[in-house]
Amino acid sequence: MSVLANIISLTVIFAVPLLLVALGGMYSEHSGVINLALEGIMVIGALCGCFLLRSFDISGFGPSHPQLAMLLAIVVAAVSGMVFSLLLAFAAINLKADQTIGGTALNIFAPAFAIVITWAVQGQGQTTIQIPTWIRITQETFGMEKTDGFFATMFFKYQYLTTPIAVVLFIAAWLLMYKTRFGLRLRACGEHPQAADSVGINVYRMRYAGVVISGFLAGIGGLAYVIAVGSGFSSSVGGYGFLALAVMIFGNWKPFNILGSAFIFALFKVIAAYNSSIPFLPKFEGLKDQSSLYQMLPYIVTMIVLVFTSKNSKAPKAEGIPYDKGSR
Amino acid sequence: MKKDNQMLVGIISSVISIAVGLIFGFILLLILNPAKAGLGMSTMLSTAFSNMDQFGKMLYQAAPLMMCGLSVGFAFKTGLFNIGASGQYTIGAFFALVGAIGLKLPWWACLILSCVGGAIWGIFPGLFKALFNVNEVITSIMFNWIGMFLVNLLLANMPFMLSAYYGVGTTDRTAALSDANPSAIIPRGGLDRIFGNSSWINISIFIAVAVAIIMWFVLFKTIFGYELMACGFNKEASRYAGINANRNIVLSMIIAGALSGLGGGIYYLAGTIQYVLEKSILGMGFDGIPVALLANSHPVGTIFSALFISYIKVGGSAMQPNFSSETINIIISVIIYLAAFALLTKLIIAKFLQSAGAKNEKKEVKA
Amino acid sequence: MADDYVIEMLHITKEFPGIKANDDITLQLRRGEIHALLGENGAGKSTLMSVLFGLYQAEQGEIKKNGQTVKINDPNDANRLGIGMVHQHFKLVECFTVLDNIILGVEDTKNGFLQYDEARKKVMALSEKYGLKVDPDALVSDISVGMQQRVEILKMLYRDNEILIFDEPTAVLTPQEIDELMEIMRGFKKEGKSILFITHKLSEIMAVADRCTVLRKGCYEGTVDVASTTKEELSKLMVGRDVEFTVKKRAVQTGETILSVRDMVVGSRVHENNAVRGVSFDVKGGEIVCIAGIEGNGQTELVYGITGLEPVKEGSITLRGMDITHASVRQRNISGMSHIPEDRHKHGLILDYTLEQNLVLQRYFEQQFQEHGVINSGEVRKYANSLINSFDVRSGQGPVTVTRSMSGGNQQKAIIAREIDRQPQLLVAVQPTRGLDVGAIEYIHKRLVEERDAGRAVLLVSLELEEVMSLSDRILVMYEGELVGQFDNTVSTEELGLYMAGAKRMEVKA
């Protein structure tokens, strides 16, 4: 039973970054901008969030106010993601750049920048930022006694503040997209920007909003990823940004479908990361380095899933096409 | 606009991108460590010419870069973004090494194998795009990861490939070619003597240049190239013209894959570097992107842009320990970023040239 | 009263890189009148209206509302001044409902959330009042073109606009729907609303407009009272010379059957149903057969099926007795089929290729142009030059001009040169004159008739009834994927309209 509780709990914390980042991608694409830079934005968000956590750890503020410190780190990750995403927005919206190439540039920039900065701050060769242990939500956080049961494992073994925040952000993202004026206008810009423009909606501004929201969510997602993996931040988020894109496509650009597919992908990721300690997985006798086999799994599943979903995908019609007021 | 003009505009815009990238890099160094920024920058820009050994290293690295750049550029010409050069490169390297260490083949046969390996990995994005309309960017990225883990898995289960098998006690890298099969090492062709016994240099740079010229011929002088570029510019119109667009997408990705794969073969068959079981994707394939973009995907231009990227990479390694060699990747990312809106830049340059040209003409009339 | 102008556009000049789209144009709209804006394609009508609607800003000139100078920087400003517009290409979000489309941009909210109740009531009331029947909860992608236009009109009314711009509104309608629209416009006029009606169709102006302003090549040609003018006078103003309305051609002399289509079924890319549902007809040598119909009734897919761009699900196609039902595009080309495509930018040309490269688009692989897979560029150049000369294709640098930089008319000429020079047995021409000026239209019509007179089979698909009437020897009417009428060219447009709208149908057999 405790294995099941472990798996469920781990799946949740691995699903959190996928969910947040895929929702980010959804906002950007519904506004009409393909955000291939999600990976890079995650790196920047994680970098800034981790540095803040580390400085709180050194200053002693963290251990004494763990959840407040964590909240601040999340805010910083979000803001840094937003700022970084502006680079994509500027290229894609103002300069009418090729969005795929622009995103690729940011994806190359972010990890290189992270390494250079980590070097500069921590000293030569110190490329990993350690994550303090006090950020975890435990029973002690709520002044409860420490126990070992099924639910205790599920709720208090691996969870961080990012999980409840993700729940709130998911609901907010859904409401904003489908129940408000902003969401209606945003979607119009991704589907038919000329139509939006003709009724007086500022397409450029809405696209900026879409990209910046995706930066906000992907920044938090980057921090959530590093926390989920748990071995410190070494300037990479392991292709999670791209997996999130696949989650978004599989989720058909809709929040609830994205939620479901985030959990499916997270489950495979958990199997990949913890294959040796999950008892009921097949063990291949005589095969060395099985973990590589399991680590391939999420990517292979992605491909299979994309084959089945791409035929009738509901991608926003105008995504990837720079909007030019002159051409109509 | 005439074609020659377009070429000139392209070159100018690349030079501007490089300049802006370098300036950005310098500013970054100034912020990080003002005292050593000047030194770092001059190291970056002078190392490759500081001695023949470093110059040889630059040529050695330029060859696989050129191949990856050709791969990305070839795919661009057919309207595809091959961000999967890295995976194709990895599989190509693996095939070459299996040929060299496992099958004891001579170097040229190993290079052919590396093409085959890369081509196999290139088929996937092509097929997925042609059959299921899955975006090749996503497929390529997924296959980069799958390729890396697959090679790890296979090598771990092929003990005869590993260094430990030859008595050197590591299981995390392939055997040195000098131990396993010296005939698989790409010949130096006497270049090592010219380059002061450089341990890097071999004839691979000539192979790469020759391939670049062949690719130029294929693209611009043959009906096959005409078809490929037609698909790249306008898939619907090429269908209308009776060109089998899907077939061309797959073919173009196979060729792109083979080019990257050859890059992997060239790099590891030099005999100086062993393949280390990786935990992250090899960067060489990604460096093919700026190489292709700086060259405007023109195969002959790729020769020069690969030399340039290799040149600053060699300088970048020499910047350590004052600065991380990753500084180079920041410069590269700036160059790619600028390339993303190259159309706009080129438009501005073209206008500038036009007005300058008009003025000159007026002057001539007066004279 | 005569000078009670609700909108005045005075001396408007608008330049785009390379061209003056509007050069000192003045347009004065009286309160409660229907004012037509007439001009050829490219005369600057749409640009002028975009300036009025705030989509473009003019470099010179001023706009007055009720005598007061106003600035219109974006559609919001236009909306505040009571100006609304039905665009030629509808500005509707397909995956939104009708109601969402109507309220977009002027949404009601409460605590930040969208409110629909009031909006729904208002839309239903307007729909009732003006007889504009719509289903507010239907998705735009599911409703007919006619209903989409009603949604566009409701968008203006919902915003309480007093000045209504209709940009080429009749292009997508059947003759009967056009009559209905005219009636609706007269209704608006009675309400005191002022209407600007952009068109290049003279009969519509004569039927509904009070006054008419004419533009030619970006310049103002004058404003006339419709009651005191004639069609001929208007067309002379529009084109700058006398225009022959009819194409001269000799009596039809049909030869053997070239194309025969039997029970053809072609799927649709947009929806589940088949776009072409069991169509049978023949085209003989020496005749022009025209497929008439409203846009979106399966004509595009019919052509795709015949030319091989879309697979045929059922039925058969034979070209000169040869079964080509499942032949590739290339095989059809070689067997003698030429195709002037509907969309010259999407299908007809590779815009980034040079003119000479485009002129050999279906022939580059022929013996003449290659040797062992290597292009024989000398031959390509020679061939291109001969086509450029004989078809008078004009461009900046001749054969090495990048096609993107050529004018639309010359691009179309290049396509026609290429397709006709292949000496096809069957020439499929889809809307070959769309978006061109009168000179180019006349030229293309002449060429098509020459092909017919040379004994070739011509299958023409056109949405322009005038073109259909003047060119065709035989007319087939397509409605919802089926052929519902077959006529010779003496049929009246009213009669054709009934068939095009699906109100009447007959059994059509090949």
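Below, chains carry the letters A, B, ... as their sequence lines are ordered, and counting in each starts from 1.
- Counting heavy-atom pairs closer than 4.5 Å to chain B, the top residue among P322(A), S292(A), A92(A), G102(A) is S292(A).
- Ranking L293(B), T139(B), T327(B), L277(B) against chain A, the residue ahead of the rest is T139(B), based on heavy-atom pairs under 4.5 Å.
- Interface check for chain B: of the options W119(A), F242(A), F113(A), the most heavy-atom pairs under 4.5 Å are formed by W119(A).
- Taking OG1 from T302(A) and CD1 from I141(B), the interatomic distance works out to 11.0 Å, rounded to the nearest 0.5 Å.
- Distance check: I83(B) CD1 to T100(A) OG1 gives 8.5 Å after rounding to the nearest 0.5 Å.
- To the nearest 0.5 Å, atom CG of residue D287(B) and atom CD1 of residue I108(A) are 7.0 Å apart.
- Taking OG1 from T104(A) and CD1 from I289(B), the interatomic distance works out to 5.5 Å, rounded to the nearest 0.5 Å.
- Contact of A91(A) with chain B is made through backbone and side chain together, with heavy-atom distances under 4.5 Å.
- Of all the listed residues (F132(B), F341(B), W145(B)), the one sharing the greatest number of non-hydrogen pairs under 4.5 Å with chain A is W145(B).
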From CA spacing to verdict: side chain to side chain contact (heavy atoms under 4.5 Å, CB included), L306(A), M142(B): CA-CA 11 Å; L306(A) 287 181; M142(B) 295 299 141; 5.5 Å; no
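- Interface check for chain A: of the options F286(B), F81(B), F149(B), F128(B), the most heavy-atom pairs under 4.5 Å are formed by F149(B).
- Rounded to the nearest 0.5 Å, atoms OG (S333(B)) and CG (N107(A)) are 10.0 Å apart.
- Proximity to chain A (any heavy atom under 4.5 Å) is shown, for L153(B), by both the backbone and the side chain.
- Of the inter-residue distances, the one linking L344(B) atom CG with K96(A) atom NZ reads 8.0 Å to the nearest 0.5 angstrom.
- For the options N157(B), L338(B), L155(B), V134(B), heavy-atom pairs under 4.5 Å to chain A are most numerous at N157(B).
- Within the 3.5 Å criterion, the main-chain N or O of L87(A) finds a donor-acceptor partner in the side chain of Y337(B).
- Within 6.0 Å of atom OH in Y165(B), 12 or fewer heavy atoms from other residues, nucleotides or ligands are found, so the atom counts as exposed in its surroundings.
- Heavy atoms closer than 4.5 Å to chain A are found nowhere in I335(B), neither backbone nor side chain.
- The aromatic rings of F109(A) and F24(B) sit perpendicular to each other, their planes meeting at more than 60°, with 30° as the lower class boundary.
- With a 4.5 angstrom heavy-atom cutoff, L150(B) touches chain A via backbone and side-chain atoms both.
- Comparing V116(A), I300(A), I117(A) by heavy-atom pairs within less than 4.5 Å of chain B, the highest count is held by V116(A).
- If you measure heavy-atom distances from F323(B) to chain A, the contacts under 4.5 Å come from the backbone alone.
- Contact annotation for I330(B): both backbone and side-chain heavy atoms come within less than 4.5 Å of a heavy atom of chain A.
- Residue L32(B) touches chain A through its side chain alone, counting heavy-atom pairs closer than 4.5 Å.
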